[in-house]
There are 2 protein chains.
Amino acid sequence: MKLTEAEWAVMNVVWERRSAVAREVLEAVEGRTGWAYTTVKTVMSRLVDKGALKGRKRGNTVVFEPLISREQARRSAVRSLLDRAFDGAFGSFVQHMLTQEKLSSKDRLELERMLAELEPRPPRSRKEASR
Amino acid sequence: MKLTEAEWAVMNVVWERRSAVAREVLEAVEGRTGWAYTTVKTVMSRLVDKGALKGRKRGNTVVFEPLISREQARRSAVRSLLDRAFDGAFGSFVQHMLTQEKLSSKDRLELERMLAELEPRPPRSRKEASR
DNA sequence: GACTTGCTGCTACAAGTGTGGTAGTTACTG
DNA sequence: CAGTAACTACCACACTTGTAGCAGCAAGTC
């Protein structure tokens with residue numbers, strides 16, 4: 001599932017709240033984007049068309065919920081970046097991250113912590129069931 | 001500098017050879033893409049327009065060379081991914097990489113190695129505790 | 001010098017994307 | 001119940017992206 005920039009902005013809001021109506025999404029992104037209400041609606045319709053959202057009519061309005069998980073979308077975004085920009089090679093990607101991107105030491109610590117945590121034996125995160 | 005998928009394919013070839021004419025690019029990507037010669041030309045023209053390539057006429061043909069570095073392009077691609085899909089937060093990105101992407105243990109080792117190599121925590125002399 | 005071949009600069013055109021307007025419809029408010 | 005506010009579905013339109021055709025010009029061939 002490939003999402004456009006605008007679609008990410010919308011999906012991020014819906015994922016965060018687990019479900020949302022158009023106006024909520026608008027309010028959440030308005031500051032950054034300056035979109036009109038109808039713009040949000042259009043983007044959301046397209047997301048329904050492409051199977052990323054499902055809308056359920058409740059009275060007058062439509063409540064949207066995600067049909068794809070954030071992790072799923074993230075995976076394919078990462079995959080796609082790796083393929084087009086890093087020859088699909090994880091190694092060159094990591095190399096890039098560590099040498100080219102300016103990581104704050106906080107970032108680096110985070111990275112370490114996670115590695116360490118993962119190191120002894122892949123500990124399942126406590127939040128297990130996520131397809 | 002934001003590149004499209006087709007543009008990445010072309011730029012990758014040019015970066016690899018440091019310079020290339022259209023036909024070389026075509027030959028390099030033909031297998032994967034099945035593009036026509038003119039398709040390559042069009043993409044390359046657009047790359048010139050947006051300042052990613054410069055073309056220098058040599059006799060009949062045009063030799064292209066990159067105006068932007070691969071690292072530069074990669075940086076902005078990574079940045080863009082982080083922003084749209086990970087709230088711009090490096091932390092959640094790393095978390096994703098470690099929990100969601102299937103890293104081979106080789107990948108993980110690589111990640112560790114580089115991290116260690118870059119480690120700011122200096123086991124160096126404690127005299128210069130600055131960077 | 002006339003031909004052939006390959007390269008170039010335009011032009012095209014459909015699908016995807018960003019952005020939003022309109023009009024009809026539902027539901028609250030007095 | 002009439003008026004207003006809020007929603008929805010549909011339409012519009014410019015710009016980008018993928019993909020390529022065409023016609024003219026340069027260069028090697030006999």
Side-chain angles (χ1 to χ4, degrees), chain A residues 1-14 17 19-65 73 76-77 80-81 83-85, chain B residues 1-14 17 19-65 73 76-77 80-81 83-85:
Chain A
M1 177 76 48
K2 183 143 196 63
L3 301 176
T4 71
E5 175 121 25
E7 289 167 350
W8 271 104
V10 168
M11 288 303 290
N12 281 333
V13 177
V14 180
R17 333 201 156 198
S19 88
V21 300
R23 184 147 307 267
E24 289 170 342
V25 174
L26 173 61
E27 275 155 16
V29 302
E30 203 164 30
R32 256 193 327 296
T33 64
W35 284 345
Y37 177 85
T38 44
T39 300
V40 173
K41 281 297 282 178
T42 302
V43 172
M44 293 185 93
S45 294
R46 287 176 185 168
L47 282 166
V48 169
D49 288 349
K50 63 162 70 171
L53 284 181
K54 122 183 89 160
R56 192 197 311 289
K57 207 149 200 163
R58 198 177 53 191
N60 186 8
T61 82
V62 178
V63 181
F64 295 89
E65 9 182 320
S76 73
S80 156
L81 175 68
D83 284 348
R84 56 168 96 203
Chain B
M1 177 79 47
K2 183 141 198 60
L3 301 178
T4 73
E5 176 121 24
E7 289 167 350
W8 271 103
V10 168
M11 289 301 291
N12 281 333
V13 176
V14 180
R17 332 201 156 199
S19 88
V21 301
R23 183 147 306 269
E24 290 170 343
V25 174
L26 174 62
E27 275 155 15
V29 301
E30 204 164 29
R32 256 194 327 296
T33 64
W35 285 344
Y37 176 85
T38 46
T39 301
V40 174
K41 280 296 285 180
T42 302
V43 172
M44 293 186 93
S45 294
R46 287 177 184 168
L47 282 166
V48 170
D49 288 349
K50 62 163 69 171
L53 285 181
K54 123 183 88 159
R56 192 195 313 286
K57 207 149 200 162
R58 199 178 52 191
N60 187 8
T61 81
V62 178
V63 180
F64 295 90
E65 6 181 322
S76 72
S80 157
L81 175 68
D83 283 347
R84 57 168 94 203

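In what follows, chains carry the letters A, B, and so on, assigned in the order in which the sequence lines appear, proteins first and then strands, with residues in each chain numbered from 1.
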key: B/V25 vs B/V14 side-chain heavy atoms within contact, under 4.5 Å   = yes

- Task: Quick one: label B/V21 by what it contacts on the DNA or RNA (base, sugar-phosphate, nothing), any heavy atom closer than 4.0 Å.
- Result: nothing

- Item | Touch class at under 4.0 angstrom, heavy-atom based, for A/T61 against every strand present | sugar-phosphate

When rounded to whole Å, the CH2 to C1' distance for the pair B/W35 and D/dA20 reads 12 Å

Worksheet item: Does the side chain of B/T4 get closer than 4.0 angstrom to OP1 or OP2 of D/dT17 through an N or O atom?
Response: no

* Distance check: side-chain N/O of B/K41 vs OP1/OP2 of C/dG9, anything under 4.0 Å? -> yes

message = On the nucleotide D/dT8, are OP1 or OP2 found under 4.0 Å from the side-chain N or O atoms that A/Y37 carries?
response = yes

In short, side-chain hydrogen bond (donor to acceptor under 3.5 Å, both in side chains) pairs touching residues 27-46 of chain A with sequence neighbours left out are none

Test your reading of the model: is there a side-chain donor-acceptor pair from B/K50 to the backbone of B/L3, 3.5 Å cut-off? no

Ranking A/A6 and B/F64 by the position along DNA chain C of their nearest nucleotide, the one closer to 5' is B/F64

To the nearest angstrom, the CZ-P distance between B/R23 and C/dG6 comes to 7 Å

Note: for A/N60 and B/T38 on DNA chain D, the residue whose nearest nucleotide lies more 5' is A/N60

Correct closest heavy-atom pair for A/M1 and A/S76 would be O-OG, 3.0 Å

Rounded to whole Å, CE of B/M44 lies from P of C/dC10 at a distance of 17 Å

Closest non-hydrogen atoms of B/A20 and B/R17, given as atom of the first, atom of the second and distance, are CB-CD, 4.3 Å

Sorted by position of nearest nucleotide on DNA chain C, 5' first, the leading residue of A/E5 and B/T42 is B/T42

A/D49 CG to C/dA15 P, in whole Å, measures 15 Å

A/R58 atom CZ is separated from D/dA6 atom P, nearest whole Å, by 17 Å

Whole-Å distance, B/E24 CD to C/dG6 P, equals 16 Å

From CZ of A/R32 across to P of C/dT19 the rounded distance in Å is 13 Å

Rounded to whole Å, CZ of B/R46 lies from P of C/dG9 at a distance of 15 Å

Exercise. Would you say a side-chain N or O of A/T39 is under 4.0 Å from OP1 or OP2 of C/dG18?
Worked result: no

